[in-house]
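We name chains A, B, ... by the order of the sequence lines, and we start the count at 1 in each one. Only heavy atoms go into these numbers, but all of them, side chains included; no hydrogens, no water, no symmetry mates.
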Amino acid sequence: MLDIKFIRENKDIVQVGAKKKLIDVDIEKLISLDDERLKQLKEVEDLRSEINKVSNDIGIEKDQARRMQLIEEMRLVKEDIKQKEEKLKSITEEWQKIMLKIPNIPSVDTPEGPDDSGNVVLRSWGEKPQFSFAPKEHFELGKSLGIIDTETAADVSGARFSYLKGDLVFMQFGLIQMCLDILNNEEILKNIAEESNISVNPTKFLPIIPPVFIKPIVQTKMARYMTPEEHYMFPNDNLMLIGSAEHTLGSMHMGKIFEEKDLPIRYAGYSTAFRREAGAAGKDTNGILRQHQFDKLEMEVFSLPENGIQEQNFLVAIQEYILKSLKLSFQTVAICTGDMGFPDTRQIDIEIWMPGQNKYRETHSADYTGGFQSRRLNTRVRRSDGKIEPVHMNDATVVAIGRMLIAILENYQQEDGSIKIPEVLRKYMGNKEFITK
RNA sequence: GGAGAUGUGGCUGAGUGGUUGAAGGCACCGCUCUCGAAAAGCGGCAUACCUGAAAAGGUAUCGGAGGUUCAAAUCCUCCCAUCUCCGCCA
């Protein structure tokens, strides 16, 4: 969330920012509510102060009669506090509700727009592959090769589940291993940064396998996928399944204060992601594009505020480096105000060209949330001058398994229905060249 | 799942219901000493919020949430986590 002080001092910016994100909030109402809250808070604190003072006096008062009188007086003050506290509590609750609804403010370079039609292509890379035959969609290829089985999965688990089999499994782990090797190599990271003219520390990404369950209260602090319908809930255990490793990576340092010299901290988290896809009924129902369950390698970075944008650019550069290694044609897109995530101040997506579908499809996202999540999580940094402030947080996809497999299947398909394995992946797949029946 | 124990500041570790936001130690920062370092000495060292231009003052926080009390780290209830033993298990 945003800092209430910041909101008070920049109410126009906050109001306009929410409007651009098409989110309806009444900042004026929030501020008048905040005035009321502060007034009430002061009253309660003054009364408490009185009790504290007099209680000390009572402790050293020798005169029994005087003592009893003070105790009686304080008993009355306590009644008064109780009433005022209740009022404060209800005001604070309403205040909090509005605070949680205020989205992060879009960065100045975020394009304005109502929905994905307002997104702006920043750059594109690679030639779209030309085929001498009509390219197939991934589910046809996967089915005929016997490496994707959604039908059995539908019987066993329902729609939007799949069995990935054989070489596709090797490909999944090959991709993950390849990417971990990159993220664990400072030399490569340094080169990626230099080639994109990004000035960041080449600190490696520490690989993490995080929990896939999260407490709902913590999920709220991550401020992503806010409606309960988007999550698998386990009320008996008061737990829910994560929709992304981001949720349990970003919350790893709740309540912690970093030292300035320890930043940036970079993680590469591998986990299964679980999504109910409640709002996507009937959309992308074929194959493995939109699944309830998929594996994903995700980057999460904690940095100094002034380095946040550079970190995001760096994460995007890493994503692009990986796609270039795989020789996949893609475009990098600045997501507009109406399409971006609630906690994001700047969102950049990558879409890979999918020949079977004859369009670009989103495969990667890079979300810069600034201090928005960290303020809720209470993850901060102590600057060298002693000042403490929220750290800035970035998260970004490395490989989202379903979609990356689709991209490879569709782009590397051959006329006979076999799949040529991208060269960089072969060493992770027993030097195999093709996936065949 | 059963039995027991424990949760205090960055770490360690005291703490009888009444100037305890919390002794002592370590770590850290500053100063003195030194050519420099070490050692020693002196001082400083939690976070959030409120008031204030500032100095400063106030409130809250001793795993978490409630409660008792004029007053709670200290008493009560519930929850959570950790440790040990047993059981089960990849």
Side-chain angles (χ1 to χ4, degrees), chain A residues 1-9 30-96 98-100 102 209-221 234-240 248 251-263 265 270-272 302 371-391:
Chain A
M1 66 183 146
L2 297 173
D3 184 355
I4 182 65
K5 280 187 206 150
F6 177 86
I7 296 174
R8 293 187 74 109
E9 285 160 21
L30 174 71
I31 289 176
S32 68
L33 200 58
D34 194 47
D35 290 338
E36 188 60 27
R37 182 183 70 95
L38 293 180
K39 189 181 143 220
Q40 209 64 26
L41 184 67
K42 174 113 181 77
E43 284 182 24
V44 168
E45 289 191 348
D46 285 349
L47 289 177
R48 281 210 193 115
S49 171
E50 191 187 343
I51 285 195
N52 284 343
K53 237 176 260 149
V54 176
S55 289
N56 273 335
D57 296 344
I58 292 172
I60 52 174
E61 179 64 59
K62 295 284 188 290
D63 181 343
Q64 269 310 309
R66 175 75 183 141
R67 207 179 141 94
M68 292 315 288
Q69 186 199 341
L70 287 175
I71 288 176
E72 186 51 36
E73 277 173 22
M74 285 309 102
R75 193 173 288 150
L76 294 176
V77 174
K78 224 176 101 176
E79 298 279 310
D80 197 12
I81 288 186
K82 224 172 200 170
Q83 284 189 1
K84 290 204 157 72
E85 268 181 338
E86 241 158 74
K87 193 169 166 200
L88 175 64
K89 196 179 159 202
S90 76
I91 292 171
T92 306
E93 275 168 9
E94 199 186 338
W95 177 87
Q96 216 143 25
I98 301 180
M99 283 294 280
L100 288 178
I102 297 174
I209 295 179
V212 295
F213 280 96
I214 189 168
K215 296 178 184 175
I217 178 80
V218 179
Q219 168 65 23
T220 307
K221 295 182 183 186
F234 297 79
N236 285 348
D237 301 286
N238 193 27
L239 286 170
M240 63 209 282
T248 38
S251 48
M252 268 173 84
H253 298 297
M254 285 193 299
K256 155 124 185 158
I257 301 177
F258 291 114
E259 298 300 325
E260 174 166 345
K261 64 177 168 50
D262 296 332
L263 298 181
I265 288 177
Y270 177 74
S271 87
T272 304
F302 299 85
F372 193 84
Q373 292 173 317
S374 56
R375 192 167 286 106
R376 288 194 190 185
L377 293 162
N378 210 17
T379 304
R380 293 166 293 171
V381 54
R382 182 179 282 110
R383 305 304 302 247
S384 46
D385 65 3
K387 239 186 86 192
I388 289 171
E389 57 185 325
V391 295

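- In this structure, NZ in Lys53(A) is found 13.5 Å from CD1 in Ile58(A), a value given to the nearest 0.5 Å.
- Using a 3.5 Å distance cut-off with no hydrogens or angles, the side chains of Asn378(A) and Arg380(A) do pair a donor with an acceptor.
- The closest side-chain heavy-atom distance from Arg382(A) to Glu260(A) is not below 4.5 Å.
- OP1 and OP2 of C80(B) both lie 4.0 Å or more from every side-chain N or O belonging to Lys215(A).
- Shown here is Glu259(A), whose CD atom has more than 12 heavy atoms of other residues, nucleotides or ligands within 6.0 Å.
- In this structure a side-chain-to-backbone donor-acceptor pair under 3.5 Å is missing from Asp237(A) to Leu239(A).
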Report the C-alpha separation of Glu85(A) and Arg48(A) in whole Å, then their side-chain angles, then the decisive distance to 0.1 Å, and conclude whether the salt bridge (charged side-chain N to carboxylate O under 4.0 Å, His left out) test is met. CA-CA 11 Å; Glu85(A) 268 181 338; Arg48(A) 281 210 193 115; 2.3 Å; yes
For Asp46(A) and Lys42(A), what are the C-alpha separation, side-chain angles and deciding distance, and is it a salt bridge (charged side-chain N to carboxylate O under 4.0 Å, His left out)? CA-CA 6 Å; Asp46(A) 285 349; Lys42(A) 174 113 181 77; 3.3 Å; yes
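- Rounded to a whole angstrom, the distance from the P atom of U84(B) to that of C31(B) is 46 Å.
- A53(B) and A48(B) are spaced 22 Å apart, taking the C1' atom of each and rounding to whole Å.
- The same atom, P, is picked in G4(B) and in C79(B); the two are 15 Å apart, to the nearest Å.
- Put simply, CG on Asp237(A) is 14 Å from C1' on C80(B), counting in whole angstrom units.
- Rounded to the nearest Å, the gap between the C1' atom of C62(B) and that of G21(B) is 9 Å.
- Not counting sequence neighbours, the partners of Lys78(A) by the side-chain contact (heavy atoms from CB on, under 4.5 Å) test are Ile51(A).
- In this structure, the CD1 atom of Ile60(A) is 17 Å from the P atom of A71(B), given to the nearest Å.
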Check against side-chain hydrogen bond (donor to acceptor under 3.5 Å, both in side chains), Gln83(A) and Glu79(A): CA-CA 7 Å; Gln83(A) 284 189 1; Glu79(A) 298 279 310; over 6 Å; no
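- More than 12 heavy atoms of other shown residues, nucleotides or ligands fall within 6.0 angstrom of atom CG in Leu76(A).
- Whole-Å rounding puts the Lys387(A) NZ to A46(B) P distance at 18 Å.
- Only one option out of Glu72(A), Glu73(A), Arg67(A) pairs with Gln69(A) in a side-chain hydrogen bond (donor to acceptor under 3.5 Å, both in side chains); it is Glu73(A).
- Judged by distance alone, with hydrogens and angles left aside, the side-chain atoms of Ser374(A) form a donor-acceptor pair with the main-chain N or O of Val391(A) at under 3.5 Å.
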Would you check, one step at a time, whether the test side-chain contact (heavy atoms from CB on, under 4.5 Å) holds for Phe258(A) with Thr379(A)? CA-CA 8 Å; Phe258(A) 291 114; Thr379(A) 304; 3.5 Å; yes
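- Between Gly59(A) and Ile257(A), it is Gly59(A) whose nearest contact on RNA chain B lies nearer the 5' terminus.
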What pairs of nitrogen or oxygen atoms, one from the protein and one from nucleotides 88-90 of chain B, lie under 3.5 Å apart?
none

Base-pair string, RNA chain B, Watson-Crick plus G-U, cut-off 3.5 Å on both distances, | for inter-strand, is ((((((((.[[[..)..(.....]]].(((((.......))))).((((((....)))))).[[[[[..)....]]]]])))))))....
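- Contact annotation: Arg380(A) side-chain N/O to A48(B) OP1/OP2 distance is under 4.0 Å.
- Taking the C1' atom of each, U77(B) and U69(B) are spaced 16 Å apart, rounded to whole Å.
- Mapping Lys5(A) and Lys82(A) onto RNA chain B by nearest heavy atom places Lys5(A) at the nucleotide closer to the 5' end.
- G64(B) and G57(B) have their P atoms separated by 27 Å, given to the nearest Å.
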Do Leu377(A) and His253(A) pass the side-chain contact (heavy atoms from CB on, under 4.5 Å) test, and can you show the C-alpha distance, the side-chain angles, and the key distance before you say yes or no? CA-CA 8 Å; Leu377(A) 293 162; His253(A) 298 297; over 6 Å; no
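- At a non-hydrogen distance threshold of 4.0 Å, Arg67(A), Ile71(A), Met74(A) from residues 66-74 of chain A come into contact with RNA chain B.
- Spacing between G63(B) and C70(B) at atom C1', rounded to whole Å, works out to 28 Å.
- Atoms NZ (Lys89(A)) and C1' (C49(B)) sit 19 Å apart, rounded to a whole Å.
- The side chain of Arg382(A) places no N or O atom within less than 4.0 Å of a non-bridging phosphate oxygen (OP1 or OP2) of C28(B).
- Look at CG on Leu47(A): it is 16 Å from P on C70(B), rounded to the nearest Å.
- Taking the side chain of Asn56(A) as heavy atoms from C-beta on, and the options U19(B), U51(B), C70(B), the nearest nucleotide is U19(B).
- At whole-Å resolution of the value, CG in Asp57(A) and P in U19(B) are 12 Å apart.
- Put simply, the residue from Lys221(A), Met99(A), Met254(A) that forms a side chain to side chain contact (heavy atoms under 4.5 Å, CB included) with Arg376(A) is Lys221(A).
- Rounded to an integer number of Å, the gap from Lys261(A) NZ to A27(B) C1' is 12 Å.
- Judged as a side chain to side chain donor-acceptor pair (under 3.5 Å), and not counting sequence neighbours, the contacts of Lys84(A) are Asp80(A).
- With C1' as the reference atom, A22(B) and G1(B) are 39 Å apart, rounded to whole Å.
- The side chain of Ile51(A) lies closest to A71(B) when the candidates are A71(B), C50(B), U47(B).
- Between the CG atom of Leu76(A) and the P atom of U69(B) there is a distance of 14 Å, rounded to whole Å.
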Assign a letter to each nucleotide of nucleotides 56-61 of chain B from its 5' end: B, base within under 4.0 Å of a protein heavy atom; S, sugar-phosphate only; -, no contact. --BBS-
